[in-house]
Amino acid sequence: GEWERGLVFGGPTRGQPSLIEYGDGVAVAYYNPQARRPVVALLSDVSTLSDSGSWRRISLGDLRYNEGHSPSLKVLADGRLGVVWYRCGPAEIEECRPSDDAVVFSYPERLLTEEERMMGEDELEDVWKIEVVESGEEALCGFSPQLMIDRNKRAWVSWQCSRRTEVGGTFEYRLESARRELFETL
């Protein structure tokens, strides 16, 4: 067959997006460097892929930070979306800072109705909860986070973090993980 192409976002992006099946459509999480925020774009009718106006976007994150790098998107066991990303630093600067960086997890407080899935732009951002999974300390922490939902409905997150070694006091990158207990439909 042939590939049908469509425009999800008509601006510069940075890093890798995350794409999943969501309901009868798809969801894409990406970093918008102009807004310095993560965005989840929803396409409920896949037959409208070539119409860029068919995508509904939800901007997430804390406006105080430059965050949303390397998002990882999944469907939680009850049908809600969950997304993790890397928080780089304060919104007003481009550089990442250990005192501000973090791994961030976000999800809607409740299942979105079909009408809400059709809403656009920032109309639903206040429905989303934001939790810091891990914060940086002396060195950068939170790179390349990945999200998984296990069969027991727990959210798992893994990421890269630079930590001081116990011997010698130098920094080295390590792979870290965390788990959040059961999600219940609200």
Side-chain angles (χ1 to χ4, degrees), residues 7-20 22 26-42 55 57-76 80-109 121-122 124-149 154-181 183:
L7 179 66
V8 177
F9 173 66
T13 62
R14 195 178 317 148
Q16 183 173 328
S18 180
L19 169 71
I20 62 167
Y22 184 55
V26 295
V28 178
Y30 61 92
Y31 171 66
N32 179 342
Q34 291 173 322
R36 297 186 180 181
R37 296 175 75 187
V39 176
V40 173
L42 304 171
W55 291 89
R57 291 166 191 81
I58 303 166
S59 296
L60 301 175
D62 186 327
L63 293 174
R64 298 174 297 170
Y65 296 102
N66 176 0
E67 62 183 22
H69 300 243
S70 306
S72 177
L73 184 62
K74 297 288 186 254
V75 177
L76 304 178
R80 288 181 286 170
L81 288 173
V83 61
V84 296
W85 62 77
Y86 172 59
R87 174 182 288 167
C88 177
E92 61 275 359
I93 64 172
E94 215 30 62
E95 301 86 39
C96 297
R97 293 195 325 201
S99 58
D100 295 303
D101 70 351
V103 178
V104 178
F105 176 58
S106 184
Y107 58 95
E109 293 180 294
E121 299 305 321
D122 300 327
L124 291 175
E125 70 181 82
D126 61 339
V127 174
W128 289 68
K129 288 184 156 232
I130 296 174
E131 299 175 0
V132 173
V133 178
E134 181 66 82
S135 296
E137 294 170 353
E138 300 176 279
L140 296 177
C141 186
F143 295 116
S144 304
Q146 290 293 308
L147 174 62
M148 180 202 71
I149 308 302
R154 293 177 294 209
W156 289 78
V157 180
S158 288
W159 64 91
Q160 294 176 352
C161 189
S162 182
R163 300 278 190 199
R164 191 178 294 277
T165 61
E166 293 178 21
V167 179
T170 59
F171 288 93
E172 67 181 8
Y173 277 102
R174 303 184 322 183
L175 183 61
E176 299 180 352
S177 289
R179 174 180 78 196
R180 188 185 190 291
E181 285 304 316
F183 277 93

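Side chains included, hydrogens not; waters and symmetry mates left out as well; all remaining heavy atoms used. Just so it is clear, the model here is predicted, and its values are computed rather than measured.
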Side-chain heavy-atom pair [X], [Y] within 4.5 angstrom cut-off:
| X | Y | value |
| --- | --- | --- |
| Trp85 | Pro38 | yes |
| Glu67 | Asp62 | yes |
| Asn32 | Arg37 | no |
| Pro98 | Cys141 | no |
| Val39 | Ile58 | no |
| Ser106 | Lys129 | no |
| Glu172 | Arg174 | yes |
| Tyr31 | Arg36 | yes |

**OP:** Could you tell me whether Arg179 and Glu181 have a side-chain N and a carboxylate O separated by less than 4.0 Å?
**Re:** yes
Original post:
Salt-bridged, Glu94 to Arg14, with N to O below 4.0 Å?
Top reply: yes
**OP:** Determine, stepwise, if the pair Val26 / Leu19 fulfils side-chain contact (heavy atoms from CB on, under 4.5 Å).
**Re:** CA-CA 7 Å; Val26 295; Leu19 169 71; 4.0 Å; yes
**OP:** Consider only side-chain N and O atoms of Tyr107 and Glu131, and report whether a donor and an acceptor are under 3.5 Å apart.
**Re:** yes
**OP:** Report the residues that fulfil side-chain hydrogen bond (donor to acceptor under 3.5 Å, both in side chains) with Asp100, sequence neighbours left out, ordered by chain and then residue number.
**Re:** Arg97
Subject >> Set of residues satisfying side-chain hydrogen bond (donor to acceptor under 3.5 Å, both in side chains) with respect to Glu138, sequence neighbours excluded >> reply: Arg164
Can you tell me how far the [atom1] atom of [X] sits from the [atom2] atom of [Y], to the nearest 0.5 Å?
| X | Y | atom1 | atom2 | value |
| --- | --- | --- | --- | --- |
| Trp128 | Arg80 | CH2 | CZ | 10.0 Å |
| Gln16 | His69 | CD | NE2 | 14.5 Å |
| Ile93 | Asn66 | CD1 | CG | 8.0 Å |
| Arg154 | Ile149 | CZ | CD1 | 11.0 Å |
| Lys74 | Leu147 | NZ | CG | 6.5 Å |
| Ser177 | Trp159 | OG | CH2 | 6.5 Å |

Taking all heavy atoms of [X] and all of [Y], pick out the closest pair and write down the distance.
| X | Y | result |
| --- | --- | --- |
| Pro108 | Leu81 | CD-O, 3.0 Å |
| Ala29 | Leu73 | N-CD2, 3.7 Å |
| Gly142 | Val103 | CA-CG2, 3.3 Å |
| Ser18 | Pro71 | CB-O, 3.4 Å |
| Ser135 | Val132 | OG-CG1, 3.4 Å |
| Phe105 | Gly82 | CE1-CA, 4.2 Å |

**OP:** Please lay out, stage by stage, how Leu60 and Ile130 fare under the test side-chain contact (heavy atoms from CB on, under 4.5 Å).
**Re:** CA-CA 9 Å; Leu60 301 175; Ile130 296 174; 5.7 Å; no
Original post:
Passes side-chain contact (heavy atoms from CB on, under 4.5 Å), Val28 versus Tyr30? Steps please.
Top reply: CA-CA 7 Å; Val28 178; Tyr30 61 92; 4.3 Å; yes
**OP:** Test Arg163 against Glu134 for salt bridge (charged side-chain N to carboxylate O under 4.0 Å, His left out), laying out the working first.
**Re:** CA-CA 12 Å; Arg163 300 278 190 199; Glu134 181 66 82; 3.5 Å; yes
Subject >> Test ring pair (Phe, Tyr, Trp, His ring centres under 6.0 Å) applied to Phe143 - qualifying residues, sequence neighbours left out >> reply: Tyr86, Tyr173
